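Notes to accompany the following structure.
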Amino acid sequence: MASLGNVPQNEKAKSFDIVETYHRLLNEDPDLTMPVAAIEALIELLVQSRAVTVYETLDLVKTQSDYLKSRIPNSISLSAGTDLFQRYMISSLKPSSTGNFETVRQHLLSNGRLFVSRAKAGRERIAAYGRHFVRDGSVVLTHGGSRVVGALLGKAAEASKSGGNVRFQVIYVMNDARSSESKAVVSALRSKGVPVATISEGAVGYAMGKVNLVIVGAEGVVENGGIISRLGTYQIALLAKAAGKPFYVAAESHKFVRLYPLGQYDLGIDQEVIEFKTDEEENLSPEEKKFTEQTPEIEEKKGYFDTEIALPKPNTAVDAVDFTPPALVSALITESGVLTPSAVSEELISVVRATGFLKLFVLLS
């Protein structure tokens, strides 16, 4: 178990593990997003810490944020939350802050919890904005099991049941590797009276002619307005563009991340999607394969941590993500309104400013 660095902890905090805490929070609340889970984990860290200076607090949070990101195979989404929380801390713990350190610390914790609660509520605001994109008689194509997209389509279905004239259909792209997740989404929509057709990933081009709009979620929205989402999103966006169909992304603003990828292989994460093999490798016995896959072990620098922990395994095709450039995105539906891809960089700049986090509170309230 990793230590918390060189910052003194109370007795209870000795057993604190931010990675374990992060996973526990996600397991306890299925509706929790990865960035919010990361923020909640950092708040628990601060509750258990007895750091007594601004420097110790900032150093502790930065160290543990970096450690958490290094232990999760796809850390893009959660890094948006850790970076956002650190920027908020810097603005809250500045030297001009009034009162003693403990007062400032308690103010930080209470506002952090307030952000978490309002971030969770942001999904309903996105659904309220996004349901107006689903018009009477439209056919929506989606995939990936996004909770915010599910809330949006559910809100549109409720509007239809309550006397509205919105009658729509959904084409859901199934993922065989995540069949249980896909079936749950389809079942939830059908239970609300929405007719849903399921297709394989290979039938997206064929089905696009019947589609009026595409709505997907995102694990991260990058600086140029592009998105990082479940593998297969990029090809759906390409087909939608070729067919002249709008491609909308529903995502919370806490998923905006300071990252500027230049292409699919510039995401900063390891993914095992394309693996070249030969016939000779296919014919190897399990023992021979194990021998050929062995590589010399590289000693990891301990730094703040007093134990060595293996690096996370790369994403396989099941968990892999891809990058959809902004040119393919028609609009982003967020809790603060509908944005063009070019507006994302401006939003990120405003958050970096001292008043940026306060702006988020206003937008989420």
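Just so you know, these numbers come straight off a predicted model, no measurement behind them. The basis for the numbers below is simple: all heavy atoms, side chains too, and nothing from hydrogens, waters or symmetry mates.
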[X]/[Y] ion pair, N-O < 4.0 Å:
X	Y	answer
Glu335	Arg123	no
Arg24	Glu44	yes
Glu181	Arg230	yes

Of Ile215, Leu213, Val214, which meets side-chain contact (heavy atoms from CB on, under 4.5 Å) against Phe247?
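Only one of Ile215, Leu213, Val214 forms a side-chain contact (heavy atoms from CB on, under 4.5 Å) with Phe247, namely Val214.
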Let me confirm one number: the [atom1]-[atom2] distance from [X] to [Y], rounded to the nearest 0.5 Å.
X	Y	atom1	atom2	value
Asp83	Ser65	CG	OG	7.5 Å
Tyr172	Arg190	OH	CZ	11.5 Å
Ile274	Gln264	CD1	CD	9.5 Å
Ile199	Ile171	CD1	CD1	6.0 Å
Leu42	Lys62	CG	NZ	12.5 Å
Thr324	Asp322	OG1	CG	5.0 Å

So, do [X] and [Y] sit near enough that their side-chain heavy atoms are less than 4.5 Å apart?
X	Y	result
Ile72	His23	yes
Thr233	Ile228	no
Thr334	Phe256	yes
Phe16	Thr21	yes
Leu153	Arg131	no
Ile43	Leu45	no
Glu223	Val344	no
Met208	Val211	yes

Minimum heavy-atom distance [X]-[Y], with the two atoms named:
X	Y	value
Ser49	Leu60	OG-CD2, 3.4 Å
Val148	Ala250	CG1-O, 3.2 Å
Ile236	Val204	CG1-CG1, 4.1 Å
Ala80	His254	CB-O, 3.3 Å
Val61	Gln86	CG1-CG, 3.8 Å
Lys69	Leu78	CG-CD1, 3.6 Å

Side chain to side chain contact (heavy atoms under 4.5 Å, CB included), that's the test. Do Asp136 and Phe168 meet it? Break it down for me.
CA-CA 6 Å; Asp136 189 36; Phe168 66 97; over 6 Å; no
Main chain of [Y], side chain of [X]: is a donor-acceptor contact present, judged purely on distance under 3.5 Å?
X	Y	value
Ser77	Glu219	yes
Asp266	Leu262	yes
Lys255	Pro35	no
Ser138	Val134	no

Are [X] and [Y] connected in the hydrophobic side-chain network, where two residues link if heavy atoms are under 4.5 Å apart?
X	Y	answer
Tyr206	Val173	no
Leu238	Val321	no
Leu267	Leu328	no

Do Glu252 and Thr33 meet the criterion of a side-chain donor-acceptor pair at a distance under 3.5 Å?
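No, no side-chain donor-acceptor pair sits under 3.5 Å.
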Using the side chain to side chain contact (heavy atoms under 4.5 Å, CB included) rule, take Leu46 and Thr57 through it: C-alpha gap first, then chi angles, then the decisive distance, then the call.
CA-CA 8 Å; Leu46 291 181; Thr57 304; 3.8 Å; yes
Would you please indicate yes or no on a ring centroid separation below 6.0 angstrom for Phe323 and Tyr234?
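Judged by ring-centre distance (under 6.0 Å), Tyr234 and Phe323 do not meet the cut-off.
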Kindly indicate, with the supporting measurements, whether the criterion side chain to side chain contact (heavy atoms under 4.5 Å, CB included) is fulfilled by Met174 and His143.
CA-CA 7 Å; Met174 300 293 285; His143 89 133; over 6 Å; no
Test Ile227 against Leu332 for side chain to side chain contact (heavy atoms under 4.5 Å, CB included), laying out the working first.
CA-CA 10 Å; Ile227 66 165; Leu332 296 154; 4.1 Å; yes
